[in-house]
Amino acid sequence: MRFSLLYAPTLKESPAEAEVVSHKLLLRAGMIRKVAAGVYTFLPLGYRVIKKIERIIREEMNRVDAQEILMPVIQPADVWRKTGRWTQYGPEMMRFKDRHEREFALGPTHEELVTALVMDELKSYRQLPLTIYQIQVKFRDEIRPRFGLMRGREFIMKDAYSFNASIEQLQKSYDDMYGAYTRIFKRCGLDFRAIQAATGLIGGKVSQEFTVLAESGESTILYCDSCNYAANDEVASTRLPEPSTEAIKSPEVISTPGVKSITEVSAFLNVPGTKIVKTLIYKYGAREIAAVLIRGDRDVNEEKLASLLGTTDFHLLAGMEWEDYPELIQGYVGPVGLTDQVRLIADSEISVMRNFVVGANKSDTHIINVNVGEDFQVEEWADVKLVKAGDKCPDCEGTLLSTRGIEVGQIFQLGTKYSEALGATFITEDGQVKPYIMGSYGIGVSRTAASSIEQNHDENGIIWPISVAPYEVSIIVLNYDRKEQKEMGDSVYEGLEKKGVEVILDDRIESAGKKFADSDLIGFPLQVIVGARTIKSGNIEVKVRATGDRREFPLDQAVDRIADLVIQMHESLKPED
RNA sequence: CGGGAUGUAGCGCAGUUUGGUUAGCGCGCCACGUUCGGGACGUGGAGGCCGGAGGUUCAAAUCCUCUCAUCCCGACCA
């Protein structure tokens, strides 16, 4: 491709709307343009990157015998009603009616549709397992799209679904996907980790996220400093401290006028937060109330609480709502003598504490030296705490550290949630009728492109790994209007094209600086420079974008050497088998 | 949806507080000339319903009302 013909409007300054580096650089490098909030057009260079990523995904999916299909963007309400998600999904699902007043949605995901698709044909265990996938546009009407491609409303996603006859078979499909994902992200040149993840609305039990490590990421990841434990903070757990060996003391009621918050209690009674138990009142479902006990210095992890309560419809009791529960005294609620109208949930960590402070369910009063089993009973223990850096690793003696990450893929063992809801069954070897056991596996394709930039850039622009770069080589002819340079540039260009190298020939009549700057900005992995100096020396200069290394090749070998370099760079991204 | 902010040329911005000729600047764009290995220089040009609608006024980018859009922080999420 000749740069003079390429539609790649580069920008010297980044548009004010862009905040994160990937968004800025995608705009500046002429790869995307915004159409509406969270909705973008991919320009030729940007779309080539997307296609590169898609191709890697296809190759790895096909490698584990997943089969590609293409489902529609729009989906009828019907199939969503059967699984209950038509009401569950909320306003994030963009809904509309056709001219006959039939209800549809833009597909935010395709579990329902794909299950409905196969249930008519997959009738026997002999036909299982089956894994199918598609690369399709998804639409989620995000409350707040942001960060360019990182959180768009319309985005490109690869989604795969496995249909299995047994847990063992599901595990195999899941493991295959795990392997494929590992290869995919390795091939894309990303620094990533597979971590334990929350399952959220999709359902299911076992799930892992593939997360690209980057400071601009939206998830917080906790990982162990000595073993390979790594988890999203939504699900991260921690090893409980050793049980306290203090002798049990008798509880004592203490007047604490105006002292409500943990900070105040801690200062007033001169005890650390770790010796206080706070009682948080949550309202959930229609009108049910839960009291959550947690160590004073901790925060509740609302993801964990959601799966415990079985709903995301809950919130801390707030403002006027307190008036509906006169027996609960705001700021002084505690487990001792708590009304049994309230569901009491205790974080597991409370079980190792002794002689702690709690609210007394009476204004301006706390109780000290309280103990579980002595002064109140707990029937429901759970892990509802937000784990943070410095906590102990749940798997070993190590300590957890935290970092930020961008979730680019997630794999789930769904189980039978969708197959049961839709009545999607098969006949087992011994004649029983059973719902498929399913897995679901997603990759955010456009987000993967953005996260690659988050991880690979410098002050001059993007540094694409060669596997996803829009072109592998750019040839910068400094003075294309001079015959010798034009001829030399053309011949290298043609030579490389003949060898199958993806190459851009910068034949524009522009200043040298502009051409270098554009090439750096767009992030072509290799720059071949043809100028007066080249003509004089008979050597062609090649710059490696990532490292800035410059090499010189004699003119007659240039094409071969450059092509070799390209191959070499690809090799370095190959996963080991 | 709550909080904050912004809409002026393709991009980045000034002008709005205190209403007053033809609405400016930088980059980019076009023409010519000079330059020619890291976003060159000179000269000349083109390009604006000042987000939209309504109002106040002799007069509105500037004041008022409504509206639309975009961005940031939060609740939601690949």
Side-chain angles (χ1 to χ4, degrees), chain A residues 9-20 23-24 27-28 30 33-39 89-93 108-110 136-159 197-202 207 209-212 217-219 232 234 302-303 306 312-316 318 405-412 440-451 460-461 476-482 485 506 508-521 527 529-537 541 543 548 550:
Chain A
T10 57
L11 264 26
K12 205 175 209 169
E13 290 171 290
S14 39
E17 68 189 42
E19 189 70 12
V20 297
H23 191 192
K24 284 183 183 164
L27 287 166
R28 284 190 53 207
R33 285 295 182 262
K34 185 176 70 179
V35 175
V39 179
Y89 221 100
E92 194 174 303
M93 184 153 70
T109 177
H110 286 73
Q136 171 65 294
V137 167
K138 301 266 187 280
F139 193 94
R140 297 182 190 171
D141 196 5
E142 292 281 341
I143 295 171
R144 179 146 105 87
R146 62 184 128 176
F147 302 153
L149 296 188
M150 299 261 284
R151 173 165 301 287
R153 291 193 292 170
E154 181 173 302
F155 55 98
I156 301 168
M157 185 170 167
K158 186 282 305 183
D159 47 322
T199 50
L201 198 56
I202 296 180
S207 175
E209 267 174 26
F210 287 77
T211 300
V212 170
E218 292 181 278
S219 5
N232 192 306
E234 293 171 346
E302 298 200 339
E303 280 283 336
T312 53
D313 177 23
F314 63 86
H315 60 271
L316 275 170
I406 304 162
E407 185 191 339
V408 289
Q410 188 165 8
I411 54 179
F412 293 91
S440 153
Y441 318 90
I443 292 178
V445 176
S446 33
R447 180 183 278 191
T448 298
S451 58
N460 296 320
I476 299 174
V477 181
L478 295 174
N479 306 98
Y480 198 75
D481 48 358
R482 292 192 193 164
Q485 291 187 33
D506 197 339
R508 295 174 302 171
I509 307 303
E510 291 282 359
S511 73
K514 162 92 173 157
K515 294 186 184 187
F516 286 129
D518 276 348
S519 189
D520 285 348
L521 175 62
Q527 285 175 22
I529 301 151
V530 174
R533 209 187 282 168
T534 321
I535 306 288
K536 203 172 295 173
S537 69
E541 185 181 330
K543 187 184 101 170
R550 288 168 193 276

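Note that the structure is a prediction, hence the values are computed from the model and not measured. Every chain is numbered from 1, with letters handed out A, B, ... down the list of sequences. Values below: all heavy atoms of this structure, side chains included; hydrogens, waters and symmetry mates excluded.
With a cut-off of 3.5 Å on both pairing distances, the Watson-Crick or G-U wobble partner of B/C11 is B/G26. The partner of B/A31 is B/U43, judged by Watson-Crick or G-U wobble contacts that both fall below 3.5 Å. Using Watson-Crick or G-U wobble geometry with both donor-acceptor distances under 3.5 Å, B/A5 finds its partner in B/U70.
In this structure, A/Phe155 counts as stacked on the base of B/A78 under the 5.5 Å centre distance and 30° plane angle limits.
Checking A/Gln410 against A/Ser207 by side-chain atom types alone, a donor-acceptor pair falls below 3.5 Å. If you check the side chains of A/Asn232 and A/Glu303, you find no donor sitting under 3.5 Å from an acceptor. Side-chain contact, A/Ser219 with A/Glu407: no donor N or O sits under 3.5 Å from an acceptor N or O.
The side chain of A/Ile143 sits closest to B/A75 out of B/A40, B/A75, B/C71. Among the nucleotides B/U70, B/C27, B/A78, the one closest to any side-chain atom of A/Ala37 is B/U70. Ranking B/C71, B/G37, B/G38 by closeness to the A/Glu541 side chain, first place goes to B/G37. Of the candidate nucleotides B/G74, B/G38, B/G39, B/G39 has the atom nearest to the side chain of A/Arg28.
The distance between atom CG of A/Leu27 and atom P of B/G28, rounded to the nearest whole Å, is 19 Å. Rounding to whole angstrom units, NZ of residue A/Lys34 and C1' of B/G7 are separated by 11 Å.
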